[in-house]
Visitor: 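Quick one: the structure is below, and I'll ask about it shortly.
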2 protein chains.
Amino acid sequence: MTTRPPRPRERGIPEATVARLPVYLRALQALQDRGTATVSSEALAGAAGVNSAKLRKDLSHLGSYGTRGVGYEVEYLIYQISRELGLTQDWSVAIVGIGNLGRALANYGGFGTRGFRIAALLDADPEVVGRSVASLDVRHIDSLEEVVRTKGVSIGVIATPAGSAQGVASRFVEAGVTSILNFAPVVLNVPDGVDVRKVDLSIELQILAFHAQRRADGDGQTHRSGLEVT
Amino acid sequence: MTTRPPRPRERGIPEATVARLPVYLRALQALQDRGTATVSSEALAGAAGVNSAKLRKDLSHLGSYGTRGVGYEVEYLIYQISRELGLTQDWSVAIVGIGNLGRALANYGGFGTRGFRIAALLDADPEVVGRSVASLDVRHIDSLEEVVRTKGVSIGVIATPAGSAQGVASRFVEAGVTSILNFAPVVLNVPDGVDVRKVDLSIELQILAFHAQRRADGDGQTHRSGLEVT
DNA sequence: CCCACTTTGTGCGTGCTTTCACAAGCACGT
DNA sequence: ACGTGCTTGTGAAAGCACGCACAAAGTGGG
Ligand SMILES: NC(=O)c1ccc[n+]([C@@H]2O[C@H](COP(=O)([O-])OP(=O)(O)OC[C@H]3O[C@@H](n4cnc5c(N)ncnc54)[C@H](O)[C@@H]3O)[C@@H](O)[C@H]2O)c1
Ligand SMILES: NC(=O)c1ccc[n+]([C@@H]2O[C@H](COP(=O)([O-])OP(=O)(O)OC[C@H]3O[C@@H](n4cnc5c(N)ncnc54)[C@H](O)[C@@H]3O)[C@@H](O)[C@H]2O)c1
């Protein structure tokens with residue numbers, strides 16, 4: 001049993017950096033809308049709510065796209081980050097579970113403002129199947145495999161009750177979808193090579209409660225910073 | 001080294017641990033519903049999708065609540081985690097922006113399954129104000145301060161368009177709310193001592209896209225693990 | 001009472017993240 | 001051409017987080 005090189009540093013952009021790139025991208029787009037042509041790391045970091053050294057190091061992972069003494073060209077940087085994130089291509093998204101949340105997601109216009117296209121809506125309830133939501137017909141969950149194939153779905157969104165989520169996830173995987181966004185409050189079990197991310201309202205509230213209680217108790221400044229980012 | 005310095009471990013549970021406690025809690029509740037009385041770190045870790053050593057270390061921050069050779073008593077551990085997270089008290093939540101998302105949130109039954117009570121819904125649109133959503137009357141945003149005061153709101157949820165989010169956040173802060181959950185895709189600026197957390201669908205999708213592209217490109221196993229947890 | 005067995009709690013090495021601090025690089029004015 | 005001033009890109013240090021591996025602590029059988 002040889003423990004072989006756990007050295008996947010290859011072209012690796014740190015995960016923490018990847019998670020911040022979309023934030024930078026949004027800040028840059030806001031600047032662009034306002035007509036700004038170039039921006040310093042200091043200013044962009046301010047807009048993104050991070051430390052400027054962190055911003056510079058993050059961007060340095062993509063390449064040297066800044067000009068010393070000047071800053072970064074907004075348009076060029078937007079392009080580079082978009083390319084790195086894979087937003088220059090189109091991503092086809094399928095949403096399963098067209099209930100309260102699924103409908104909100106389907107109706108959400110500025111979906112990703114770029115690159116993401118909702119290709120299909122699926123549900124199991126006969127009452128829901130066949131209806132039109134956000135200009136799309138809700139298809140029956142049984143046609144998931146077909147829909148994935150014909151629409152070229154590459155990202156699956158799960159908005160079903162917790163009990164159904166694992167089943168839906170497995171079917172997504174079976175159908176070849178390797179990126180899943182899960183809104184159901186369960187731990188999904190998927191094979192290696194499949195990427196699952198979760199969004200969990202309840203967890204966020206509980207974390208807020210923890211900090212709030214901490215603040216109320218000893219009232220030492222035990223919590224992180226108070227100045228958090230979005 | 002010194003083995004037993006009387007170390008009151010009160011201060012400082014690592015942030016990473018805090019973020020996982022709600023996941024453990026949910027797994028424990030599922031076990032309890034199934035009638036399980038005790039559970040080993042191995043089993044609980046499996047249910048929570050984490051490494052068992054990590055689970056044990058996380059729990060050790062709360063105290064020594066396990067029994068060697070046996071495991072953890074489910075009910076007792078649920079109580080301890082709940083207490084640590086502040087779920088033994090009630091939290092009053094106000095949601096601002098009763099659009100697609102706000103309505104979904106308001107109608108979401110298993111809100112936190114414990115501790116969180118939606119106390120008020122607020123909106124600026126005359127069309128929406130006055131309507132009844134999830135058995136609550138939608139109030140006008142102008143009464144935010146009054147509502148916070150009379151209902152004892154301690155957590156504010158922002159589900160307005162991006163452009164309105166900062167204004168709403170400031171009013172929350174002004175009214176004394178120090179915990180904010182933000183769904184709008186903007187970086188909120190708040191004073192120290194105010195805790196803001198964000199939920200951002202678009203960012204999650206972009207992170208998924210990044211990994212998906214990475215997988216498609218070099219196809220070396222450059223991404224983290226593929227086996228992610230929920 | 002002792003021993004075999006199970007499982008916790010944690011010391012420790014490793015690698016990732018953040019932050020500081022500054023040399024290097026570029027623009028621009030003279 | 002060259003100095004001045006500003007901003008980037010990055011070593012280096014410090015701080016966290018993770019997970020292995022094992023001693024300590026408890027259980028149960030003989
Ligand atoms: N509504 C919210 O604000 C909110 C917030 C956080 C988390 N969540 C989670 O999101 C999920 C959806 O919440 P919701 O409020 O929209 O619930 P919902 O009950 O309104 O909708 C669930 C939908 O999923 C469909 N469904 C059930 N089983 C299915 C299956 N096997 N295949 C396909 N479709 C199936 C149902 O027919 C229904 O239309 C839940 O897991 C919930 O815990 C919701
Ligand atoms: N719908 C989704 O699935 C989704 C997903 C991710 C993020 N978001 C974000 O969540 C937010 C809400 O999305 P939505 O789809 O519900 O939008 P929406 O337009 O349906 O609803 C927004 C609501 O906020 C109200 N509002 C506007 N300004 C206000 C103010 N100053 N005070 C009080 N209320 C105000 C509007 O009247 C409206 O009812 C947006 O920022 C959006 O980007 C939505």
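Since this is a predicted model, take the numbers as computed values, not measurements. Below, chain A is the first sequence line, B the second, and so on; all start at residue 1.
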Visitor: Indicate whether any N or O donor in one side chain lies under 3.5 Å from an N or O acceptor in the other, for A:Glu75 and A:Tyr79.
Guide: no
Visitor: Reading DNA chain C from 5' onward, which residue's closest nucleotide shows up sooner: A:Val70 or A:Lys54?
Guide: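 Per heavy-atom nearest nucleotide, the more 5' residue is A:Lys54.
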Visitor: On DNA chain C, compare the nucleotides closest to A:Asp58 and A:Gly69; which residue's is nearer the 5' end?
Guide: A:Asp58
Visitor: Looking only at side-chain atoms of B:Pro14, point me to the closest of C:dC26, D:dA17, D:dC22.
Guide: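 Ranking C:dC26, D:dA17, D:dC22 by closest atom to the B:Pro14 side chain puts D:dA17 first.
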Visitor: Is there a donor and acceptor pair closer than 3.5 Å between the side chain of B:Arg68 and the base of C:dT7?
Guide: no
Visitor: Go through C:dG9, C:dG11, C:dT19 for me and flag the one nearest to the B:Ser64 side chain.
Guide: C:dG9
Visitor: Just how far, in rounded Å, is C1' of C:dA21 from NZ of A:Lys57?
Guide: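 Taking atom C1' of C:dA21 as the reference, NZ of A:Lys57 is at 11 Å.
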Visitor: Does atom CD of B:Glu174 have more than 12 heavy-atom neighbours, drawn from other residues, nucleotides or ligands, at distances under 6.0 Å?
Guide: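 No, not enclosed.
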Visitor: Looking only at side-chain atoms of B:Ala16, point me to the closest of D:dT27, D:dC18, C:dT19.
Guide: D:dC18
Visitor: Could you check which of C:dT7, C:dG9, D:dT27 has an atom nearest any side-chain atom of B:Ser40?
Guide: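 So the nucleotide nearest the side chain must be C:dT7.
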Visitor: Rounded to whole Å, please give me the gap between OH in B:Tyr65 and P in D:dA25.
Guide: 19 Å
Visitor: Look only at the side chain of B:Glu42 and the backbone of B:Ser52, and say whether a donor-acceptor pair between them is shorter than 3.5 Å.
Guide: no
Visitor: Between P on C:dT8 and OH on B:Tyr72, what's the gap in Å once rounded to a whole number?
Guide: 5 Å
Visitor: Of all the nucleotides listed (C:dT10, D:dA12, D:dT27), which has the minimum atom distance to the side chain of B:Ala53?
Guide: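 From the listed options, C:dT10 comes nearest.
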Visitor: Side chain of A:Ser60 only, heavy atoms from C-beta on: which candidate in D:dC22, C:dC26, D:dG9 is closest?
Guide: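 Among the listed nucleotides, the one closest to the side chain of A:Ser60 is D:dG9.
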Visitor: Can you confirm whether more than 12 heavy atoms, excluding those of A:Gln89, are under 6.0 Å from its CD atom?
Guide: yes
Visitor: Measure from CD1 on A:Ile13 to P on C:dT17 and round the result to the nearest Å.
Guide: 12 Å
Visitor: Is any side-chain N of the basic residue among B:Arg214 and A:Asp195 closer than 4.0 Å to the acidic one's carboxylate O?
Guide: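 Judged by the 4.0 Å cut-off on N to carboxylate O distance, B:Arg214 and A:Asp195 do not form a salt bridge.
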Visitor: Once you round it to whole Å, what is the distance between C1' of C:dT7 and CG of B:Leu77?
Guide: 15 Å
Visitor: Which whole-number value in Å describes the distance from B:Leu59 CG to C:dG9 P?
Guide: 8 Å
Visitor: Taking OP1 and OP2 of D:dT8, is either one under 4.0 Å from a side-chain nitrogen or oxygen of A:Ser41?
Guide: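 So the side-chain polar atoms of A:Ser41 do come within 4.0 Å of the phosphate oxygens OP1 or OP2 of D:dT8, strictly under.
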Visitor: Please state how far atom CZ in B:Arg56 lies from atom P in D:dG19, giving the value in whole angstrom units.
Guide: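 From B:Arg56 CZ to D:dG19 P: 12 Å.
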Visitor: Under 4.0 Å between a side-chain N or O of B:Asn51 and OP1 or OP2 of D:dA17?
Guide: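 Indeed not, no polar side-chain atom of B:Asn51 lies that close.
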Visitor: Calculate the interatomic distance between B:Arg20 atom CZ and D:dC16 atom C1'; express it in whole Å.
Guide: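 Rounded to whole Å, this separation is 11 Å.
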